[in-house]
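This report refers to the structure that appears directly beneath it.
Just so we're clear, the structure is a prediction, and the values are computed from it rather than from any experiment.
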Amino acid sequence: MRRTLTRLPALVLAVALAGCGVFGKEIDLTENWSAARLYAEASSELDSSNYAKAIEYYEKLEARYPFGRYAMQSQLDIAYTHYRADEPEAAIAAADRFIKLYPQNPYVDYAYYLKGLVNYNRSVGFLDRYIPIDASQRDPGSALDAFVDFSVLVERFPDSRYAEDARQRMLYLRNNLAKHEVNVARYYMRRGAYLAAANRANYVIERFQRTSAVESALEVLIDAYTALGKRELAADARRVLDLNREAGRFISDEPEPGEVSLARKVWDYLSLDEN
């Protein structure tokens, strides 16, 4: 009897430990979900702005059902979800992954366009949304990336549904890049680096024709040449400025493109196959 009692605590402990193994196991409610169910639930979470949960479902769909259009579209949806969640690096990485895996896909233009939008918006910080800031004064790195992304889209897919908006954004970006160069030239003027200012102004005049920044660049060029004692060059720049003003050749700023209501369901009219 005593031997039986001494074994009882050990037995209870073993049962308890076994119970911990059972009850401590994380239950995955999606384990038996079909591809269609996973996609539907992920889309529902995305529509409800539950981005982390949406990405979790999309990734499970890809892992469990790697073939078929559900998995293919989920990759684009993941990129879009990161875009909506204000996660630019992850959005670009997901779009690049889709481009690499499906370069001939008829909807790869969407991935290029999404990359452009991410880079277009990524330099706009929290304060910029509430305090107006001249976009030309921001670091031009992301603007250059966006310009390249949009230019690839327009060159490779000129008839894309996104091409016209991309062209408008390229014009706006080009104008802001030119204004950025003028801002740099003015900075050099304030620092007394007149030759550097003249070089920057000439760069704008030569490389960014047909932008509103050319007029400002000529003004900086006149001031820089005057400060350098190059009166003839300053007079030439003044003559060019006056002639173009009189002829009305200077153009105004490109209007900023409106907000994009980018539809996630780009393949609505396709029948998604069961995996």
Side-chain angles (χ1 to χ4, degrees), residues 69 71-84 86-124 135-136 138-184 200 202-214 217 249-270:
R69 288 178 178 168
M72 191 183 301
Q73 177 155 353
S74 71
Q75 292 178 22
L76 276 183
D77 287 350
I78 286 175
Y80 175 77
T81 305
H82 283 303
Y83 166 68
R84 288 289 303 275
D86 198 20
E87 298 171 348
E89 295 294 345
I92 290 175
D96 278 335
R97 178 168 174 258
F98 184 88
I99 292 169
K100 182 178 180 180
L101 289 174
Y102 308 105
Q104 303 302 321
N105 187 278
Y107 303 101
V108 73
D109 59 335
Y110 177 94
Y112 282 107
Y113 181 63
L114 186 59
K115 282 183 62 179
L117 281 183
V118 171
N119 280 319
Y120 182 87
N121 293 317
R122 71 189 305 187
S123 62
V124 181
S136 67
R138 301 191 188 105
D139 183 347
S142 295
L144 287 169
D145 290 339
F147 191 91
V148 170
D149 293 330
F150 287 138
S151 65
V152 171
L153 169 65
V154 170
E155 180 180 349
R156 296 185 183 178
F157 310 99
D159 299 323
S160 167
R161 67 165 75 176
Y162 311 111
E164 183 56 35
D165 184 77
R167 291 188 187 97
Q168 293 178 7
R169 293 182 188 279
M170 287 174 68
L171 289 173
Y172 179 73
L173 287 167
R174 185 170 182 268
N175 194 56
N176 274 337
L177 288 169
K179 289 167 66 178
H180 173 79
E181 294 296 326
V182 172
N183 285 335
V184 173
R200 283 281 179 155
N202 272 316
Y203 176 78
V204 173
I205 295 167
E206 294 170 1
R207 298 289 299 273
F208 293 96
Q209 297 179 19
R210 302 297 300 167
T211 67
S212 63
V214 171
R249 292 175 184 152
F250 291 123
I251 65 175
S252 57
D253 284 341
E254 289 290 335
E256 182 174 5
E259 290 292 325
V260 176
S261 178
L262 185 58
R264 173 183 56 84
K265 300 177 181 177
V266 293
W267 297 349
D268 273 350
Y269 45 87
L270 291 179

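- When all heavy atoms of Ile205 and Ala217 are compared, the closest pair comes out as CG1-CB, 3.9 Å.
- For the salt bridge (Lys or Arg N to Asp or Glu O under 4.0 Å) test, no residue two or more places apart in sequence or in another chain qualifies with Glu87.
- Taking all atoms of both residues into account, the shortest heavy-atom contact from Ala95 to Ala111 is CB-O, 3.8 Å.
- Between Ala213 and Lys179, the closest heavy-atom pair is CB-N, 3.8 Å.
- Note that CZ of Arg210 and CZ of Phe250 are 10.5 Å apart. Values are rounded to the nearest 0.5 Å.
- The distance from atom OH of Tyr83 to atom OH of Tyr80, rounded to the nearest 0.5 Å, is 7.5 Å.
- Considering only heavy atoms from C-beta on, Lys100 stays 4.5 Å or farther from Asp96 through its side chain.
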message: Assess the residue pair Tyr102 and Val108 against the criterion (side-chain contact (heavy atoms from CB on, under 4.5 Å)); give the C-alpha distance rounded to whole Å, side-chain angles, the decisive distance to 0.1 Å, and a yes or no.
response: CA-CA 7 Å; Tyr102 308 105; Val108 73; 5.8 Å; no

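- Shortest non-hydrogen contact noted between Asp109 and Arg161 is OD2-N, 4.4 Å.
- Between the side chain of Thr211 and the main chain of Phe208, a donor-acceptor pair closer than 3.5 Å is present.
- In this structure, Arg207 has no side chain to side chain donor-acceptor pair (under 3.5 Å) partners at least two apart in sequence or on a different chain.
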Side chains of residues 143-154: which donor-acceptor partners sit under 3.5 Å, not counting sequence neighbours?
from, atom 1, to, atom 2, distance (Å)
Asp149, OD2, Asn119, ND2, 2.7
Ser151, OG, Phe147, O, 3.2
Ser151, OG, Val148, O, 2.7

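- The closest side-chain heavy-atom distance from Ile99 to Lys115 is below 4.5 Å.
- The nearest pair of heavy atoms linking Gln209 to Glu206 is NE2-O, 3.7 Å.
- Nearest heavy atom pair, residue Met72 against residue Phe98, reads O-CE1, 3.7 Å.
- Under a 3.5 Å cut-off, the side chain of Asn121 and the backbone N or O of Leu117 do form a donor-acceptor pair.
- Using a cut-off of 4.0 Å between Lys/Arg side-chain N and Asp/Glu carboxylate O, Arg169 and Asp165 are scored as salt-bridged.
- Here the OH atom belonging to Tyr113 is positioned 9.5 Å from the OH atom belonging to Tyr120, to the nearest 0.5 angstrom.
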query: Can you check side-chain contact (heavy atoms from CB on, under 4.5 Å) on Asn176 and Tyr172, steps first, answer last?
result: CA-CA 6 Å; Asn176 274 337; Tyr172 179 73; 3.2 Å; yes

message: Could you walk me through whether Met170 and Arg174 satisfy the side-chain contact (heavy atoms from CB on, under 4.5 Å) test, starting with their C-alpha distance in whole Å, then the side-chain angles of each, then the deciding distance to 0.1 Å, before giving a yes or no?
response: CA-CA 6 Å; Met170 287 174 68; Arg174 185 170 182 268; over 6 Å; no

